[in-house]
Amino acid sequence: MSYLDELNAQQKEAVTTTEGPVLVIAGAGSGKTRVIEYRVAHLLKQGVSPRSILLLTFTRKAAGEMLRRASRHDASAEHVDGGTFHSFAFKMLRRYGERIGLSGSLSVLDEGDAEEAVHRSAASLGLYDPVNPAKAGRGTSKEGRFPKKDTLRSVISASLNKGLDISSILMKDYPHFLHLADDIARVGKRYAAYKREKGYMDYDDLLLFLRELLMDKETLAQLSEQYRYVMVDEYQDTNVLQGDIAYLLGKKNQNVMAVGDDAQSIYGFRGATHENIMNFPKRFPNTTIIKLEENYRSTQEILNVANAVLSDMDNKYAKKLHSAKKEGGGRPHFVCFEQPYREAEWIARKIKEFYDEGVSLSRQAVLFRSSHVSIPLQAELAKRIIPFQVFGGVKFYETAHAKDVMAHLKILLNPRDELAWNRVLMLIPGIGPKTGGRLIAEIIRSVSEGRSPAGVLSSYAKQSRDGREIEKLASFLEASFGKPLPPSEQFALAFSYYEPLLWERFDDWHKRLNDLQTLQQVSSRYASLQEFLGDFVIEPPSFHQAGMLSRPEERPLTLSTIHSAKGLEWDVVFFLGLSEGVLPSNFSMNREDEIEEERRLFYVGVTRAKRNLYLLANFGAGRGGEGAREPSRFVTSSRVLLELNQFGLSPSSYRDSEDEDEESVEYDDDGIGAVRKRKIKD
DNA sequence: CAGACGACATTTTTT
DNA sequence: ATGTCGTCTG
C-alpha cells in the first residue's frame, strides 16, 4: 500500500472513503488532482471495473490528464469514462436520445448558430418589424428597440440555467427591457420549438435533455447500474442543471464525490451557483466533508496574500492555506505604471530576466480579467520575438474561416441543417438571403424525398447566368455526399472546394490557411463525422489563437484569461489590470454578489503563482480617452496590502506628471521599475 | 435582389 | 476600434 503513503492524512481519507457521498473542499493548490488520480487508482486496485467509474470535469483536458496520471498506477484507468458534463450528455443522448423523442442526427449549435436561430425565431414572430408597438418612443434610443439576438440568447439561456423566469433575469441584468418580458418569453418558446423541429441542440439543451433522460426511470436504473462511482470536479462551478444531473446519477448508489472550492467559484455569469456546493450535504444526507488546506503549490509569501483575500470574502467553508514548501521567491509585488506601453516594456524585460536565470517561458504566465488588456503586451512581445500563446478571448472555433469549412461538413452529416446551408450558400457570389432561402427550402424538400442536394444546385446553376461557382459546390457534394468516407477525407474535399473562397474573402488568408491545415490534422483523429462535429462545438480543439510562434521548438509563454487559467500553475505569474474598472470589471460594479465573484477571480489569479507574483496596474488613457482609475479595491484592501511590496506611481501623483515621460527610469536591485519607490508603512 | 456604404452603438468571462 | 443594422444603387 505504499502509494497511499505519498498522501497527507486528509488526502488519504478522501482517497480511501470510496463508499457513500463525499464532499472535498480543496483549497487552491492542495493537490486535488492528485486526490482524484489516486482515488481512481485506489478504486481499480480494489477490483472496481474502470467502466463503472464516471469522472466529470470542467474540461476534457483536465479529465484526460487525471486519467493519464492514474494509469501510471493502473493501466486500466484509461477505460474510465471521463469528460465534461456537456460531452457526457452528448454521448448519452446519441446513445439513448430516442427515449426522449430525439431522433436522427444531432446537430449541436455553437453560440453563433444559436444566436442566429434565436434571431430567426424573433423575426418570425414579427418582433423586428418596424411597425411594432415597442417602437413608439423616439428613434433608436434604448427604449425603442427590441433586444438584439445576443441579448435575447443570453437572457433565455440565463433563465434556463438559473431556473428563473424571464422577468427575474431582466430585472437583474436588463431592467430597461423588463416591459418586454412577455415577448422575450414567446421568443424562448418559439426558439425551443424551432430547435426541436430542425433537430438542433444548443449547449443548454445538452444538459436539459440529459436531465430529462435521467428522469426516465428505466434509463436511470440502467445508468446507475453502470456508473457505480461518480466523481465531479470543480463542483463550485456547476449550475442548477448540473447539480440535478449529479444528484440523479448518484441517487441510487450514493457513491458521489464532489470536489471543489467555493472560494474559486467564477462562473456565476453562466448560471453556476455556489448553492450547489453548499447544499451538497443536504442532498446527500450522510456526506463526509473533507477539507484539504495544505498547499503544495505556492510559497508562504504568496499564500499570505491569498489568505488575506480569503479573509476579505464571506465564504462559508472557512479555510486557511498552509504552505508545505520551504524556500520562497520573496513577497509578491504590486507595481503601478503611468502608461500601458511602459508596463508592457517592463513585463517583457522582466520575462527575459527570468528566462536568462533559467526559468523557461512555459513556466511563466501573464493573466488578466479580459483579453483586450493584453494587447499592448502582445505587441511588445512580438517586437521582442518572445513566443507566446493566448488562451481565452477570440476562440478559434468561432473564427469565420473555421465555421465556414465546418458548415460544409455539417451539410454532409445533416442535409436538413438550414443554418449550415445558409452559411455555405451565402459564400457564393450572387446568392443572397432570398435566393439562398429558396434554394434551402428546395434542397430540404429534395432531401426528404430521398434525392441528393447536388441535383437542386446543378439545375439552379444551369438556369442562372453565372453558375460556375454553384456548379463547383454541386460537384463537391457529388463527390462527398452520402459517401462513407473517413472524416479527414471529407474535410479534404470541403477544404479544397472552400480554399478559393478563402482567398477571395480574407486578406490574411495565409494565416487562416494554416489554421485549417491544423484542423484537418485534428479531423484525422476521428472515426465519424458526427463525433468530430460534436466535439468541435463541445470540446473545441485546444489550439487556441496562437500568437508569435516564431520559435516553434520552444514551449511558449502563456497569456491567459483567469477563467482559462483555472486549475493551472506557473512559477512566475504577472497579473495584469489590477485597477478599478478592469478587476473588478465596470460591468460588475452594480451588485454586491458580482463584486464578490470578481474577488474570487482575483483569488484564483493570485493562487496560480508558485514562486513569483507580480500584481500590475496602469493608469494610462484607455479607450475613449478615459483613464482616471484607481488601484483595484482588492489590492488596496488593508489586509492584502500588508502582504505586498508596493512600487510605482500612486494614481494621484500620476495626474500632474504629464511631462515626466522622459524622466529616466531607475531600477533597483530587485529589478523593479521605480520611478518613485515607496514602501508602505505598517 | 445582392452587395456596398455609412450611421450608430457597444465594448467580459465560456461549455 | 468593431460589428451590426438600415439605406441606397446598380
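All of these numbers come straight from a predicted model, not from anything done at the bench. By convention in this document, chain letters (A, B, ...) are assigned in the order of the sequence lines, proteins followed by strands, and residues within each chain are numbered from 1.
Among the nucleotides B/dT12, B/dG3, B/dC1, the one closest to the side chain of A/Lys434 is B/dC1. When the nucleotides B/dA2, B/dT15, B/dT12 are ranked by their closest atom to the side chain of A/His86, B/dT15 comes out on top. Considering only side-chain atoms of A/Ser585, the nucleotide from B/dA2, B/dT12, B/dT15 that sits closest is B/dT12. When the nucleotides B/dG3, B/dT12, B/dT15 are ranked by their closest atom to the side chain of A/Pro429, B/dG3 comes out on top. The side chain of A/Arg438 lies closest to B/dC1 when the candidates are B/dA2, B/dC1, C/dC5. Side-chain proximity of A/Arg369 to the nucleotides B/dT15, C/dT4, B/dT12 is greatest for B/dT12.
Atom P of nucleotide B/dT11 and atom CD1 of A/Ile375 are separated by 16 Å, given to the nearest angstrom. For the pair A/Lys91 NZ and B/dT15 P, the interatomic distance rounds to 19 Å; values are reported in whole Å. Atom pair A/Tyr203:OH and B/dT15:C1' shows a separation of 6 Å (rounding to whole Å applied). Between the CZ atom of A/Phe90 and the C1' atom of B/dT15 there is a distance of 14 Å, given to the nearest Å. One can place NZ of A/Lys148 at 8 Å from C1' of C/dG3, the figure rounded to the nearest angstrom. Rounding to whole angstrom units, CG of residue A/Leu206 and P of B/dT14 are separated by 19 Å. Separating the CD1 atom of A/Ile538 from the P atom of B/dT14 is a distance of 18 Å, rounded to the nearest angstrom. Rounded to an integer number of Å, the gap from A/Met426 CE to B/dC1 P is 12 Å.
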Given side-chain contact (heavy atoms from CB on, under 4.5 Å), test A/Tyr203 with A/Val537 step by step and report yes or no. CA-CA 9 Å; A/Tyr203 290 123; A/Val537 178; 3.5 Å; yes

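With contacts defined as side-chain heavy-atom distances shorter than 4.5 Å, the pair A/Leu419/A/Lys198 does not qualify.
Using a 5.5 Å limit on the distance between ring centres and a 30° limit on the angle between planes, the aromatic ring of A/Phe269 counts as stacked on the six-membered base ring of B/dT13.
Within a 6.0 Å sphere centred on OH of A/Tyr194, heavy atoms belonging to other residues, nucleotides or ligands number more than 12.
A/Thr561 has a side-chain polar atom (N or O) that falls below the 4.0 Å cut-off from OP1 or OP2 of B/dT14. At B/dT12, none of the side-chain N or O atoms of A/Arg270 fall inside 4.0 Å of OP1 or OP2 (strictly under the cut-off). Proximity of A/Ser564 to the phosphate of B/dT14: a side-chain N or O atom is located under 4.0 Å from OP1 or OP2.
For C/dT4 and B/dT13, the P atoms lie 15 Å apart once the distance is rounded to whole Å.
The nearest pair of heavy atoms linking A/Ile100 to A/Phe209 is CD1-O, 3.5 Å.
Residue contacts for A/Leu601: at a heavy-atom cut-off of 4.0 Å it reaches no nucleic acid atom on any strand shown. Counting any heavy atom pair closer than 4.0 Å across all strands shown, A/Glu111 reaches a base atom. Nucleic acid contact for A/Ser371: sugar-phosphate only, since backbone atoms but no base atoms lie under 4.0 Å from a heavy atom of the residue. As judged by a 4.0 angstrom heavy-atom cut-off over every strand, A/Thr435 is placed among residues touching the sugar-phosphate backbone only. Contact annotation for A/Phe85: no contact, since no heavy-atom pair falls under 4.0 Å across all strands.
Inspection of the A/Ser124 and A/Tyr191 side chains reveals no N or O donor paired with an N or O acceptor under 3.5 Å.
Cation-pi geometry between A/Arg599 and A/Tyr603 is not met at under 6.0 angstrom from the ring centre and within 45 degrees of the axis.
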